[in-house]
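In what follows, chains are A, B, ... by sequence order, proteins preceding strands, each numbered from 1. As the structure is a computational prediction, the values presented were derived from the model and not from experiment. The figures that follow rest on heavy atoms only: side chains count, while hydrogens, waters and symmetry mates do not.
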There are 2 protein chains.
Amino acid sequence: MTEDVRRSPERAKRLPRAVREKQILDAAVSVFSRHGYHSASMDEVSEVAGVSKPMIYSYLGAKEDLFLHCIRREADRMLEAVRAGIKPDVPPDMQLWHGLRAFYGFVADHRESWLVLHRQALTVGGPFASEVDVLRTTAIELVSGLVVSAGSRKGLAEQAEFSGEGLAAALVGAAESLADWWLDHSDVSDAVLASWLMNLIWLGFNDLVEGEVWRPTEP
Amino acid sequence: MTEDVRRSPERAKRLPRAVREKQILDAAVSVFSRHGYHSASMDEVSEVAGVSKPMIYSYLGAKEDLFLHCIRREADRMLEAVRAGIKPDVPPDMQLWHGLRAFYGFVADHRESWLVLHRQALTVGGPFASEVDVLRTTAIELVSGLVVSAGSRKGLAEQAEFSGEGLAAALVGAAESLADWWLDHSDVSDAVLASWLMNLIWLGFNDLVEGEVWRPTEP
DNA sequence: CGCTGTATCTACCGGTGAGTAACCTTACGC
DNA sequence: GCGTAAGGTTACTCACCGGTAGATACAGCG
């Protein structure tokens, strides 16, 4: 028996604070995405992060603070991705198309981020909901600007059947829910998903059942 | 001093089991809708129900069972309301219109039911999510049937840009999200909400910005 | 090779809340 | 009336988890 006196399981190597913080945040996003805010335990986060609990409290504060950090980081990442995808100098429908593709691309690549932002943060009231609200409002404004500019260019005034913000909210909601639906139907590609939505919201059922199709114009 | 020996604060009057069960379920829906599954405490449910905790366990089982009962009852109520609103012998767009109005009418009258079904049940994994999935799937099938029948009547085959189920999912999602948005913008009437959505999904942005408007035909 | 500060850990506390055992109380049938 | 079972309660246990105090190891400098 080589009594190799391995004292503790193992002690984490000393690392600069910035690196540890990133590791902890990554672990937290993963754990929160799986269990939700309340069911997630700080013990599990610390275990996944490969670091002991007091480190988390020392670096990122209490559970609530930790969750807030997660939301903010992921929301920033996502907005950044969508903004980067939009090309400002193309027609409104193509802007929407690129935005949608960027969005679904992000969800595909960052499933956990999306779960935290959409499924978890919304339900826990308090400081979290308002944080997500900022994200959604930003998205709605982005879309709303598109719609209103497209509409007013045609001289369309606001009327009962047309509220820029309302429609934008519905659109953003449709995109979100389709992303949710996607989680359980992953055999569809992100491009196809974006295409469905584009056809629905741009053409509408009425045109669709007549056999019309919307397709992206050349880049 | 009139020593009126009021023994305990008060003891609940004896009531038949069915009545108590309804009271408890009502209380549970209310509490769950406010705090979510995890933050809700059985103590609060019992307090709101005006009954002591062991009664809940005796009648409706553990916390998980109680929540399941809530979801099932509210889901049934909602489906029932929507089904009752749909008139089978009118054109597809009018069926959709009536369905949407019934849906938003239900949300308006049963805010708490909606909160439990949409915001709470989804986030807590396990048995709950699947229960809500049944509801959503039923809704999607309802809409999908409408769309596909409308499409196939025109001889429209399934193709990349047109998936009955996908579109129905997007539509249901849009309706859900708009209902959510509504919670924070209650100054809009349910009819206006349904009208927005109807215009969006039936006509599409393309037609909307051209100034077209969809309006319900006479009953 | 010690000294020191900071990174990291072990080991605990205390609150909260699910679930239960044992007891009381009233309506109702006979 | 009175027995009894269903309705109802009090008062507890126990596990889990957020948060922390205080000990420990390690890098870098004199």
**Q.** Nucleic acid contacts - residues 62-72 of chain A versus DNA chain C, non-hydrogen atoms under 4.0 Å
**A.** none
Q: Return the angle between end axes of the helix from dC1(C)-dG30(D) to dC30(C)-dG1(D), with five pairs used per end and rounding to 10°.
A: 10°
Q: Nearest whole angstrom, please: distance from the P of dA25(D) to the CE of Met55(A).
A: 17 Å
Q. Excluding sequence neighbours, so at least two apart, what forms side-chain contact (heavy atoms from CB on, under 4.5 Å) with Ala81(B)?
A. Phe106(B)
Less than 3.5 Å apart, which donor and acceptor atoms pair up between the side chains of residues 47-60 of chain A and the rest of the protein, not counting sequence neighbours?
none

N/O donor-acceptor pairs under 3.5 Å from side chains in residues 138-145 of chain B, not counting sequence neighbours:
unit_1	atom_1	unit_2	atom_2	d
Thr138(B)	OG1	Val134(B)	O	2.6

Q.
Let's see if you get this right: which residues in residues 23-53 of chain A place a heavy atom under 4.0 Å from DNA chain D?
A. Ala40(A), Ser41(A), Met42(A), Lys53(A)
Q) Atom CH2 in Trp182(A), atom OG in Ser189(A): separation rounded to 0.5 Å? A) 7.5 Å
Q: Can you tell me which residue pairs pass the side-chain hydrogen bond (donor to acceptor under 3.5 Å, both in side chains) test with a partner in residues 103-112 of chain B, sequence neighbours excluded?
A: Ser30(B)-Glu112(B)
Q: Just jot down the side-chain contact (heavy atoms from CB on, under 4.5 Å) partners of Gln120(A), sequence neighbours excluded, or say none.
A: Phe67(A), Thr123(B)
Q. Can you list the residues that meet the ring-ring contact (aromatic ring centres under 6.0 Å, His included) rule with Trp114(A), with sequence neighbours excluded?
A. Phe103(A), His118(A)
Q) In terms of side-chain heavy atoms of Tyr57(B), which of dG8(D), dA18(C), dT26(C) is nearest? A) dA18(C)
Q.
His69(A): which residues meet the side-chain hydrogen bond (donor to acceptor under 3.5 Å, both in side chains) condition with it, sequence neighbours left out?
A. none
Q: Using a heavy-atom cut-off of under 4.0 Å over every strand shown, decide if Pro54(B) touches base, sugar-phosphate, or nothing.
A: base
Q | Residue list, side-chain hydrogen bond (donor to acceptor under 3.5 Å, both in side chains) with Arg83(A), at least two apart or on another chain | A | none
Q. Quick one: does Arg17(B) reach the base of dA6(D) with a side-chain donor-acceptor pair under 3.5 Å?
A. no
Q: Would you mind reading off the distance between Lys13(A) atom NZ and dT6(C) atom C1', rounded to a whole angstrom?
A: 16 Å
Q. Given atom CG of Leu60(B) and atom C1' of dA18(C), what is their separation to the nearest angstrom?
A. 16 Å
**Q.** Pi-cation contact, Tyr37(A) with Lys63(A) (under 6.0 Å, within 45°)
**A.** yes
Q.
Could you work out, with side-chain hydrogen bond (donor to acceptor under 3.5 Å, both in side chains) as the rule, every residue matching Ser46(A), not counting sequence neighbours?
A. none
Q) Has the side chain of Arg14(A) got a donor or acceptor atom sitting under 3.5 Å from an opposite partner on the base of dT8(C)? A) no
Q.
With a 4.0 Å cutoff (strictly under), does any side-chain N or O of Arg20(B) reach OP1 or OP2 of dG8(D)?
A. yes
Q: Starting from C1' on dT9(D), measure out to CD1 on Ile56(B) and report it in whole angstrom.
A: 13 Å
